[in-house]
Amino acid sequence: MSQADGTAPVIDVEPRRGDPEITPEVVADHGLSEKEYARVVDLMGRPPTFTELGVFSAMWSEHCGYKNSKRLLRLLPTKAPWVIQGPGENAGVIDIGDGYALAFKIESHNHPSAVEPYQGAATGVGGILRDIFTMGARPIAVLDSLRFGDLDSGRVRYLFGGVVAGVGDYGNCVGIPNIGGEVMFDRGYAGNPIVNAMCLGLMKRGDLMTAAATGTGNSLMAVGARTGRDGIHGATFASEELSEDDDASSRPMVQVGDPFTEKLLLEASLELISSGAISGIQDMGAAGITSSASEMAGRGGSGVEIDMALVPVREPGMTPYEILLSESQERMLVVANDGREDEVRRILEKWELEAAVIGTVTDDGRFRVLEDGVVVADIPALPLTEGCPTYEREGIEGDDVRVLRTMDVSPYLRPTGDLTDTFRQLLGSPNVASKRWIYEQYDTTVRTSTVVPPGGDAGVVRIRGTRRAVAATTDCNGRHVYLDPGNGARAAVAEAARNLVCVGAQPTAITNNLNFGNPLKPHIYYQMREAVLGMAEACALFETPVTGGNVSLFNETDGRAIYPTPVIGMVGVVEDVDHITRAGFSEPGDTILLLGSNTDEIGGSEYLYVIADLVAGHPPRVDLEAERSLQRAVLDMIHQRLLASAHDCSEGGLACTLAESALGSERPFGVDVTVDDDVSPVGAFFGEAHGRVVVSCGPDKASAVLETAQRHGVPVRIIGTVGEQDGDFILKAKDGSISLPAAQVADIYFSAIPKLMDLGETG
């Protein structure tokens with residue numbers, strides 16, 4: 001028999017009656033280039049059938065195959081003694097001590113959310129939950145990272161409201177607390193919202209389950225919901241640009257979620273894993289049965305044979321193509337150990353779910369699909385997952401960005417005198433103002449383990465039966481990455497680490513979500529390359545390996561790309577819950593100190609965007625060695641129990657950071673702060689220099705805080721005092737000041753987003 005690639009035999013498969021003829025137009029519609037299609041033909045030794053073309057289209061899409069990003073991702077550090085499972089599985093897993101392990105991952109649902117925001121966001125949460133509990137871990141918390149256009153647009157308000165409702169409703173119904181996240185509003189995201197969902201799961205260290213198809217003769221079983229026509233070609237849809245008229249035409253590609261079924265599936269899956277009746281389990285996520293079966297075969301070094309006539313469906317007349325590529329939600333593919341299929345069925349029946357044998361594990365390395373016993377697809381399994389073509393493309397910085405970055409923004413540093421009105425505008429910006437409107441729609445305390453809920457630097461969940469807790473945050477400033485990708489990505493890692501140490505956690509590992517435009521364009525590929533290099537440098541220095549994540553490319557509408565947004569989802573371990581520290585001031589008379597130095601760096605700042613409608617200038621530079629020293633100093637202070645509060649300084653600068661700390665209790669505190677830097681008042685109050693943390697402590701502990709910072713080589717000084725509740729908020733610099741009642745600060749901060757959402761028409 002002839003050989004297609006020197007090892008695999010050519011297996012002839014008759015075209016299925018009724019399937020379209022394979023033409024260049026059909027190939028293009030499936031997202032494969034001419035060269036990629038030629039590679040498929042060479043691999044198969046013959047032209048593929050329509051069903052086989054659909055399989056390659058999904059598995060060789062950017063969403064599943066990482067064709068334009070895999071070479072870059074290999075540059076990231078992924079190993080450490082505490083990493084149990086790195087990239088390549090459904091989620092990364094790290095050792096967190098006391099016999100426990102933490103599974104965690106972040107994924108995107110950007111394209112679906114742009115078309116159908118509620119279901120797009122809801123099913124994004126459902127998918128990331130399944131990635132966690134298929135590892136054998138019980139989900140204990142979710143976070144989200146969201147980006148939208150400016151809220152003065154009715155369309156943006158519609159998208160924002162739908163996404164928040166979808167995230168909240170799904171997580172609330174399943175009973176998983178939302179402990180934090182981030183949201184940013186900027187015209188750079190007007191065409192494409194960014195919806196990234198992160199989940200944490202807890203397990204005993206020895207309970208890890210992998211998604212590999214092993215054991216020749218073991219049964220492949222579809223469990224959970226039935227398969228429908230929703231989400232067909234969702235992976236391919238997520239790997240192409242959008243256009244303004246995509247709403248209606250793309251809705252069939254958006255999945256529909258059922259969180260109540262998800263809850264049952266969660267419990268059933270964990271029981272299946274603990275029963276020993278199965279040897280592998282994987283979510284039928286992007287590309288549905290196609291990806292789950294082929295990826296499990298690839299990991300197991302085996303083959304699979306599945307019959308579409310055996311798959312439980314909810315719509316009559318579904319073709320093998322449709323069944324294979326459906327992304328209907330709340331479904332799993334499990335490998336049942338031979339002879340234990342009835343046990344799997346009984347467990348699923350207990351949870352009122354279906355389980356059906358749809359195929360077997362084979363030893364021939366083939367991905368074989370039948371329709372009522374007739375072969376409709378027969379493909380070498382490994383090339384579907386390992387043979388996807390990968391590209392290293394030309395990356396050239398765009399001239400327009402270079403012009404913006406080198407723009408002289410110093411004239412905007414000139415204002416002096418009373419800057420109270422400017423402060424009001426910044427504090428009322430939705431990027432600075434309270435996100436309470438969002439997280440009040442989420443259940444943040446279900447399961448009663450949440451120690452630090454949304455609204456602080458990072459969310460914290462206690463590990464019951466221990467003194468430990470885990471903290472998590474999501475971070476990225478897309479403006480900074482847009483203006484300087486390498487520095488911006490380093491800064492995102494640094495800010496995530498600062499957020500964790502501010503709550504008392506040791507930064508431990510990250511999962512990332514790389515949201516970019518079309519990588520075929522040289523300036524977009526340049527952004528990706530430089531961002532990954534910057535991220536790799538920061539992660540290596542901070543010893544926070546990347547255990548997995550997601551890449552979401554082609555985030556463009558009619559050729560307009562989003563800001564490059566490599567979101568960092570970072571987790572850390574709190575060794576003792578007594579070390580947990582909050583962002584808010586707690587006592588009048590406490591001393592306020594600033595760790596780090598103010599600068600006149602306002603490039604890419606919220607100040608420039610609000611005051612001048614401008615995204616330009618050199619963004620603040622990050623010094624990774626100084627950041628590491630700052631992390632160690634803050635944790636040292638916390639372990640010595642010196643601090644009453646700690647809060648990272650970022651969007652809106654020092655003035656807004658002080659306001660957030662003053663508003664951390666039921667009644668706002670006043671503050672009396674004097675900044676005597678040799679910088680402009682604008683830089684001192686609103687600059688976004690990195691490496692700064694505002695801390696407070698009892699007056700008797702101030703000298704110890706100063707000594708600890710100095711010992712770690714961190715700039716530090718006393719800048720003021722916490723005032724009385726409902727007092728005055730007063731900031732002074734050499735040539736400028738801010739002064740208004742704390743009650744007004746609270747009103748501006750907490751009412752900004754609700755007022756914007758009440759502007760009227762949101763459809």
Side-chain angles (χ1 to χ4, degrees), residues 1-16 19 36 39-60 64-65 88-89 210-223 278-282 284 287-311 319-321 323-325 332-341 344 356-389:
M1 185 176 288
S2 63
Q3 308 293 303
D5 61 357
T7 58
V10 176
I11 306 294
D12 289 326
V13 177
E14 291 295 322
R16 182 179 176 276
D19 281 351
E36 288 167 349
R39 184 167 176 169
V40 170
V41 173
D42 183 60
L43 174 72
M44 299 283 289
R46 59 172 171 80
T49 65
F50 183 67
T51 300
E52 291 168 337
L53 179 65
V55 169
F56 275 104
S57 168
M59 296 308 297
W60 284 13
C64 292
E89 272 287 348
T210 60
T214 57
T216 302
N218 281 344
S219 295
L220 293 170
M221 300 184 72
V223 305
I278 66 172
S279 59
I281 181 169
Q282 175 147 330
M284 292 189 202
I289 294 174
T290 293
S291 65
S292 55
S294 61
E295 287 173 4
M296 292 180 83
R299 294 189 190 104
S302 60
V304 293
E305 182 174 286
I306 48 181
D307 194 324
M308 297 298 95
L310 303 177
V311 177
T319 66
Y321 180 99
I323 296 170
L324 278 171
L325 298 178
M332 295 287 190
L333 186 66
V334 304
V335 179
N337 292 323
D338 191 23
R340 302 188 69 173
E341 293 86 354
V344 172
V357 174
I358 64 169
T360 58
V361 179
T362 66
D363 62 359
D364 61 4
R366 308 290 298 185
F367 177 83
R368 186 174 299 109
V369 181
L370 314 178
E371 182 184 25
D372 205 13
V374 177
V375 177
V376 294
D378 199 329
I379 306 169
L382 202 57
L384 289 176
T385 54
E386 299 300 320
C388 177

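All values below were derived from every heavy atom in this structure, side-chain atoms included, with hydrogens, water molecules and symmetry-related copies excluded. Start at 1 with the first residue, then count along the sequence.
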Legend entry - Worked verdict on V369 versus M308 for side-chain contact (heavy atoms from CB on, under 4.5 Å): CA-CA 7 Å; V369 181; M308 297 298 95; 3.7 Å; yes
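- Side chain to side chain, E305 and T360 fail the donor-acceptor criterion of an N or O pair below 3.5 Å.
- Between A336 and V344, the closest heavy-atom pair is CB-CG2, 4.0 Å.
- V304 is listed as a side-chain neighbour of L220, based on a closest heavy-atom distance under 4.5 Å.
- For the residue pair T214 and N218, the shortest heavy atom distance occurs at O-ND2, 3.0 Å.
- The minimum heavy-atom distance linking P48 with V41 is given by the pair CD-CG2, 4.1 Å.
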Inset, instruction - Let me see the working for V55 and L324 under side-chain contact (heavy atoms from CB on, under 4.5 Å), right down to the final yes or no. - result: CA-CA 8 Å; V55 169; L324 278 171; 3.9 Å; yes
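- Salt-bridge annotation for E52 and R46: present, with a side-chain N of the basic residue lying under 4.0 Å from a carboxylate O of the acidic one.
- Side-chain contact between L310 and V357 is absent, with no heavy-atom pair separated by less than 4.5 Å.
- Legend: residues meeting side-chain hydrogen bond (donor to acceptor under 3.5 Å, both in side chains) with T362, ordered by chain and number and at least two apart, are D364.
- Considering only residues two or more places apart in sequence or on other chains, S291 meets the side-chain contact (heavy atoms from CB on, under 4.5 Å) condition with M59, A287, E295.
- Rounded to the nearest 0.5 angstrom, F367 CZ and D378 CG are separated by 10.0 Å.
- Considering only heavy atoms from C-beta on, Y321 stays 4.5 Å or farther from E371 through its side chain.
- No donor-acceptor pair closer than 3.5 Å links the side chain of S57 to the backbone N or O of L53.
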Inset, instruction - Test side-chain contact (heavy atoms from CB on, under 4.5 Å) on E89 and T210 and set out the steps. - result: CA-CA 7 Å; E89 272 287 348; T210 60; 3.2 Å; yes
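- The pair R16-D19 counts as a salt bridge, with a side-chain nitrogen and a carboxylate oxygen less than 4.0 angstrom apart.
- Looking only at side-chain heavy atoms (C-beta outward), I379 and F56 come within less than 4.5 Å of each other.
- The line from CZ of R299 to OG of S294 is 9.0 Å long, rounded to the nearest 0.5 Å.
- Shortest non-hydrogen contact noted between T51 and A377 is CG2-CB, 4.2 Å.
- D307 approaches D372 most closely through the heavy-atom pair OD1-N, 2.8 Å.
- Among all heavy-atom pairs drawn from W60 and E36, the shortest one is CZ3-O, 3.7 Å.
- Counting heavy atoms from C-beta on, the side chains of V335 and I278 never come closer than 4.5 Å.
- Using a 4.5 Å heavy-atom cutoff, the side chains of M44 and P380 are in contact.
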Inset, instruction - Begin with the C-alpha distance, continue with both residues' side-chain angles, and end with the deciding distance and a verdict on side-chain contact (heavy atoms from CB on, under 4.5 Å) for V376 and L370. - result: CA-CA 5 Å; V376 294; L370 314 178; 6.0 Å; no
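- To the nearest 0.5 Å, atoms CD (Q282) and CG (L333) are separated by 8.0 Å.
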